[in-house]
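Remember, it's a predicted structure, so these values are computed and weren't measured experimentally.
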Amino acid sequence: SQEDEKIQIGFFGGEPLLEFDLIKEITAMVKNHKSLRSGQTGLSMTTNGTILTEEIIDFLIENNITPCISCDGPPEVHDLNRHFPDGRGSSALVESNIKKAVNLFPLLPVNAVYSPNTVQFLPNVVEYLASLRVKNIVLSYNISAKWTQKEADMLPQIYALIGKRFVDFYSQGKPKYIN
């Protein structure tokens with residue numbers, strides 16, 4: 001990399017916190033790498049929000065790792081695609097961990113993945129995440145889903161509603177970043 005270039009390293013895919021010991025090892029390697037200058041490297045992690053213990057939170061804070069929690073919206077939306085192997089929805093645990101994390105990481109990004117079966121709920125997703133005091137809302141479409149023209153035709157109206165709400169947040173003095 002160029003001398004003044006900032007290097008971003010992200011832990012994601014599946015659930016990285018299942019390999020917490022490996023994350024600690026890699027983080028130590030990065031921090032102690034002889035070729036890296038202080039402040040040159042940023043670390044981030046995207047988690048499904050189900051494994052967020054005090055030990056993990058302390059580690060993230062101590063090592064300046066920016067967390068991102070995936071939450072697809074209110075329970076009736078989130079639990080459609082995100083559940084435990086036994087079929088139980090993960091929304092209650094994820095919501096609890098978002099409430100905890102947003103106090104420690106005020107600009108905590110929350111990633112809501114939407115699919116053809118949930119795209120119509122996006123305005124509700126934004127409202128729900130805002131009600132949890134999330135200021136950084138990332139809306140990501142499921143690139144592996146089978147999208148049709150029907151869903152594509154819905155997007156202008158859905159995003160117009162989200163855009164209006166974006167303006168409302170600013171007008172109320174409660175700005176949100178909505179990607």
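Residues Ile178 and Leu139 form a side-chain contact, since some pair of their non-hydrogen atoms from C-beta on lies under 4.5 Å apart. You'll find the side chain of Asp168 reaches within 4.5 Å of the side chain of Lys164, heavy atoms only. Ile9 has its side chain out of reach of Thr27: every pair of non-hydrogen atoms, C-beta onward, lies at least 4.5 Å apart. Leu43 places none of its side-chain heavy atoms less than 4.5 Å from the side chain of Thr66. Annotation: side chain of Arg165 is in contact with side chain of Glu127 (closest heavy-atom distance under 4.5 Å). Annotation: side chain of Phe11 is not in contact with side chain of Thr46 (no heavy-atom distance under 4.5 Å). Residues Val110 and Ser70 are not in side-chain contact: their nearest non-hydrogen atoms beyond the backbone lie 4.5 Å or more apart. Using a 4.5 Å heavy-atom cutoff, the side chains of Phe20 and Leu18 are not in contact.
By the criterion of side-chain heavy atoms lying less than 4.5 angstrom apart, applied directly or through intervening Ile, Leu, Val, Met, Phe, Trp or Tyr residues, Ile158 is grouped together with Leu129 in one hydrophobic cluster. Val126 and Met154 fall within a single hydrophobic cluster, where Ile, Leu, Val, Met, Phe, Trp and Tyr are joined by side-chain heavy atoms under 4.5 Å apart, directly or via other members. Residue Phe59 is grouped with residue Phe105 when hydrophobic side chains (ILVMFWY) are merged at heavy-atom distances under 4.5 angstrom, including chains of intermediate members. Residues Leu80 and Val94 fall into different hydrophobic clusters, defined by Ile, Leu, Val, Met, Phe, Trp and Tyr side chains chained together at heavy-atom separations under 4.5 Å. Following chains of ILVMFWY side-chain contacts shorter than 4.5 Å, one can reach Ile26 starting from Ile61, so the two form part of one hydrophobic cluster.
With no hydrogens or angles considered, a side-chain donor-acceptor pair links Asp153 and Gln149 at under 3.5 Å. For the residue pair Ser140 and Asn111, a side-chain donor N or O sits within less than 3.5 Å of a side-chain acceptor on the partner. Between the side chains of Thr47 and Glu15, a donor-acceptor pair is found at a separation under 3.5 Å.
Across all non-hydrogen atoms, the minimal contact from Leu107 to Asn136 is O-ND2, 3.4 Å. The heavy-atom pair separating Ile98 from Cys71 by the smallest distance is CD1-CB, 3.6 Å. When all heavy atoms of His78 and Asp72 are compared, the closest pair comes out as ND1-N, 3.0 Å. The two residues Ile51 and Ile56 come nearest to each other via the heavy atoms O-CD1, 3.3 Å. In this structure, Pro16 and Ile23 approach most closely via the heavy-atom pair O-CD1, 3.2 Å. Taking all atoms of both residues into account, the shortest heavy-atom contact from Lys100 to Ile57 is CD-CD1, 3.8 Å.
Residue Tyr141 places its OH atom among 12 or fewer non-hydrogen atoms of other residues, nucleotides or ligands, all under 6.0 Å distant. Around NZ of Lys146, the count of heavy atoms belonging to other residues, nucleotides or ligands within 6.0 Å does not exceed 12.
With hydrogens and angles ignored, the 3.5 Å screen pairs a side-chain donor or acceptor of Asn48 with a backbone N or O of Thr50. A donor-acceptor pair under 3.5 Å is formed between the side chain of Ser90 and the backbone N or O of Arg82. The closest donor-acceptor contact from the side chain of Trp147 to the backbone of Ser115 lies at 3.5 Å or more, if one exists at all. Under a 3.5 Å cut-off, the side chain of Glu151 and the backbone N or O of Thr148 do form a donor-acceptor pair.
Among residues two or more places apart in sequence or in another chain, the side-chain contact (heavy atoms from CB on, under 4.5 Å) test is passed with Asp58 by Glu62. With sequence neighbours left out, Pro175 forms a side-chain contact (heavy atoms from CB on, under 4.5 Å) with Tyr170. For Asn103, the side chain to side chain donor-acceptor pair (under 3.5 Å) test picks out Arg133, with sequence neighbours left out.
To the nearest 0.5 Å, the span separating NZ on Lys31 from CG on Asn64 amounts to 7.0 Å. Taken to the nearest 0.5 Å, the NE2 atom of His33 stands 10.0 Å off from the CD atom of Gln40. Phe12 CZ to Ser44 OG: the interatomic distance, rounded to the nearest 0.5 Å, is 8.5 Å. Residue Leu52 holds its CG atom at 4.5 Å from CG of Asn97, rounded to the nearest 0.5 Å. To the nearest 0.5 Å, atoms OG (Ser91) and NE2 (His83) are separated by 11.5 Å. We find the NZ-OH distance between Lys135 and Tyr177 to be 15.5 Å, quoted to the nearest 0.5 Å.
Two rings, from Phe121 and Tyr114, have their centers 6.0 Å or more apart.
Both tests pass for Lys176 against the ring of Phe169: distance under 6.0 Å to the centre and angle within 45° of the axis.
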Item to complete: Go through Leu161 and Leu122 one step at a time and tell me if the side chain to side chain contact (heavy atoms under 4.5 Å, CB included) criterion holds.
Response: CA-CA 9 Å; Leu161 291 170; Leu122 281 178; over 6 Å; no
Worksheet item: Between Asp79 and Arg88, does a side chain to side chain contact (heavy atoms under 4.5 Å, CB included) hold up when you go through it step by step?
Response: CA-CA 8 Å; Asp79 289 342; Arg88 287 179 302 118; over 6 Å; no
Practice prompt. Before giving the answer on side chain to side chain contact (heavy atoms under 4.5 Å, CB included), spell out for Tyr128 and Val77 the whole-Å C-alpha distance, their side-chain angles and the decisive distance to 0.1 Å.
Written response: CA-CA 11 Å; Tyr128 171 74; Val77 176; over 6 Å; no
Fill in: Stepwise side chain to side chain contact (heavy atoms under 4.5 Å, CB included) check, Thr118 with Asn142
CA-CA 10 Å; Thr118 61; Asn142 180 345; over 6 Å; no
